[in-house]
Asker: 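The structure's right below; bear with me while I get my questions together.
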Amino acid sequence: MDEFLRNLIVKKWKIRNFSFTFLDVLLAVCITVTSVMLRLAVIDCTVTDWDKISAVILEFLLAVWGGILVFAYTGARIRAFLTYGVLMIYPTVIANGALWNRGSVFYAWFFLAGLYLFAKGARLRAGISVAVGTVIALFRLRISTRSLSLGWPNLYEIIGKTMFVDLFNQVSLLVLAGLLLTGVYLGVKKRVCITRALALQLFVFLAVLIPYLAPSMPAWAGYTADIGLLLYAMYRPEKFYLPMLHLIVSYSAYANAINGTSKLPMVLYAAILLAVLMDVGRDAYREALGQA
């Protein structure tokens with residue numbers, strides 16, 4: 001019996017290039033059970049319907065997909081398992097699906113699928129996946145309001161929301177589109193090659209930038225950036241502070257929207273997001289500049 005247990009513990013299984021042990025499976029099972037219990041503790045706080053149930057199921061699959069994506073980028077088995085474990089118990093992921101019943105996971109899936117397909121060289125399919133995710137995101141983010149913010153601490157917390165509300169709402173998306181097109185133009189002009197590293201950096205940068213500049217962003221607008229920054233930190237462990245900072249802001253935005261109160265001024269959270277945006281943007285710029 002002892003010999004059987006010893007062999008079971010040290011034995012390795014392999015699926016293509018990915019190997020794992022019995023202890024890895026045991027850890028994954030424990031994390032999964034823990035994540036289920038965390039969701040069951042809050043799932044009855046709001047109405048449970050098929051939209052919520054499907055979102056929760058997709059969150060589990062998203063955690064698996066995140067681990068696969070990290071393994072594709074790093075080849076590190078431990079980081080892949082760690083990504084799965086963290087995404088299963090990530091506070092904003094649990095709150096988004098099981099508590100708040102917001103299905104951001106629907107479009108996040110397509111964004112991460114696009115990133116994976118790009119890393120594998122399937123650029124056309126990657127573009128299609130991102131386009132589908134964008135359409136779903138726009139559909140779920142449709143908001144009819146005159147307020148510049150619905151809970152997400154964006155740029156307007158810093159520059160003010162009391163004046164020129166109509167003007168900001170009209171020109172913000174145009175400014176954002178202009179910045180994105182300018183970036184594309186400069187990339188084409190300088191003949192920047194979109195490497196796997198640069199693709200990940202740009203994905204994270206845009207995930208933070210878009211809700212930061214776009215008007216009328218809900219409190220769950222940072223969901224994609226939460227996941228993207230975690231993947232980025234797994235790819236570059238020295239950047240571990242980025243997902244931590246963003247998670248503080250994102251979770252505080254959820255708490256503010258649900259409870260109606262914020263522990264700190266929203267302008268402080270907006271300043272933290274600006275620092276995160278500048279950090280990731282600098283990394284992307286250096287990656288692109290290194291090709292010149």
Side-chain angles (χ1 to χ4, degrees), residues 92 95-96 100 102 104 107-108 111 130 133-134 137-138 140-187 201-230 232 239 241-258 260-286 288:
T92 50
N96 193 279
W100 207 14
R102 302 287 184 179
S104 304
Y107 60 80
F111 290 153
V130 171
T134 302
L138 292 174
R140 300 190 74 89
L141 284 169
R142 65 191 189 282
I143 299 166
S144 57
T145 179
R146 294 172 64 86
S147 172
L148 285 173
S149 177
L150 289 177
W152 185 248
N154 52 24
L155 177 65
Y156 308 105
E157 298 289 347
I158 298 177
I159 65 176
K161 300 180 290 182
T162 57
M163 299 177 64
F164 310 116
V165 173
D166 289 332
L167 178 61
F168 280 142
N169 265 325
Q170 292 173 13
V171 305
S172 294
L173 294 179
L174 294 177
V175 171
L176 180 58
L179 289 174
L180 295 178
L181 291 174
T182 300
V184 172
Y185 170 76
L186 291 176
Q201 290 166 340
L202 290 176
F203 167 72
V204 175
F205 180 73
L206 292 176
V208 180
L209 176 69
I210 292 175
Y212 195 71
L213 293 184
S216 304
M217 286 291 100
W220 45 278
Y223 182 88
T224 304
D226 272 337
I227 299 172
L229 283 166
L230 176 63
Y232 187 48
K239 296 292 182 177
Y241 56 88
L242 290 177
M244 294 175 62
L245 289 174
H246 197 275
L247 181 61
I248 292 173
V249 176
S250 189
Y251 192 77
S252 298
Y254 278 56
N256 184 43
I258 295 173
T261 60
S262 176
K263 297 296 183 182
L264 297 173
M266 297 296 283
V267 65
L268 177 59
Y269 297 131
I272 293 175
L273 286 178
L274 181 59
V276 171
L277 187 63
M278 293 175 64
D279 193 313
V280 178
R282 181 186 59 199
D283 290 344
Y285 177 75
R286 287 176 176 175

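Quick caveat: nothing in here was measured; it's all calculated off a predicted structure.
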Asker: Which side-chain N or O atoms in residues 222-229 pair as donor and acceptor under 3.5 Å with protein atoms at least two apart or in another chain?
Answerer:
from: Asp226; atom 1: OD1; to: His246; atom 2: ND1; distance (Å): 2.8
from: Asp226; atom 1: OD2; to: Thr92; atom 2: OG1; distance (Å): 3.0
from: Asp226; atom 1: OD2; to: Ser250; atom 2: OG; distance (Å): 2.7

Asker: Are Met278 and Leu274 packed together at the side-chain level, in the sense that at least one heavy-atom pair is separated by less than 4.5 angstrom?
Answerer: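 In contact.
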Asker: I'd like a table of donor-acceptor pairs (distance under 3.5 Å, sequence neighbours excluded) in which one partner is a side-chain atom from residues 201-213, with atom names and distances.
Answerer:
from: Gln201; atom 1: NE2; to: Tyr232; atom 2: OH; distance (Å): 3.4
from: Tyr212; atom 1: OH; to: Ala270; atom 2: O; distance (Å): 2.9

Asker: Show the numbers, then the answer: is there a side chain to side chain contact (heavy atoms under 4.5 Å, CB included) between Glu157 and Leu268?
Answerer: CA-CA 9 Å; Glu157 298 289 347; Leu268 177 59; over 6 Å; no
Asker: Going by the rule side chain to side chain contact (heavy atoms under 4.5 Å, CB included), which residues pair with Tyr285 if we only count those two or more places apart in sequence or in a different chain?
Answerer: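 Tyr285 satisfies side chain to side chain contact (heavy atoms under 4.5 Å, CB included) with Leu289 once adjacent residues are dropped.
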Asker: For the atom pair CG (Leu277) and CD1 (Ile272), what is the distance rounded to the nearest 0.5 Å?
Answerer: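 Reported to 0.5 Å precision, the distance equals 13.5 Å.
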Asker: Work out which heavy atom in Ala219 is nearest to a heavy atom in Trp152; give both atom names and the distance.
Answerer: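 Looking at all heavy atoms of both residues, the closest pair is O-CE3, 3.4 Å.
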Asker: Measure the shortest side-chain to side-chain distance between Asn96 and Tyr254 over non-hydrogen atoms and say whether it is less than 4.5 angstrom.
Answerer: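 Yes - at least one pair of side-chain heavy atoms lies under 4.5 Å apart.
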Asker: Going by heavy atoms in the side chains, are Leu273 and Asn154 under 4.5 Å from each other?
Answerer: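 A side-chain contact is absent here, since even the closest heavy-atom pair is not under 4.5 Å.
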Asker: Sequence neighbours excluded, which residues qualify as side chain to side chain donor-acceptor pair (under 3.5 Å) partners of Tyr251?
Answerer: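 In terms of side chain to side chain donor-acceptor pair (under 3.5 Å), with neighbours along the sequence ignored, Tyr251 is linked to no residue.
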Asker: Name all pairs fulfilling the salt bridge (Lys or Arg N to Asp or Glu O under 4.0 Å) condition that reach into residues 206-219, sequence neighbours left out, sorted by first residue then second.
Answerer: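 Residue pairs with at least one partner in residues 206-219: there are none.
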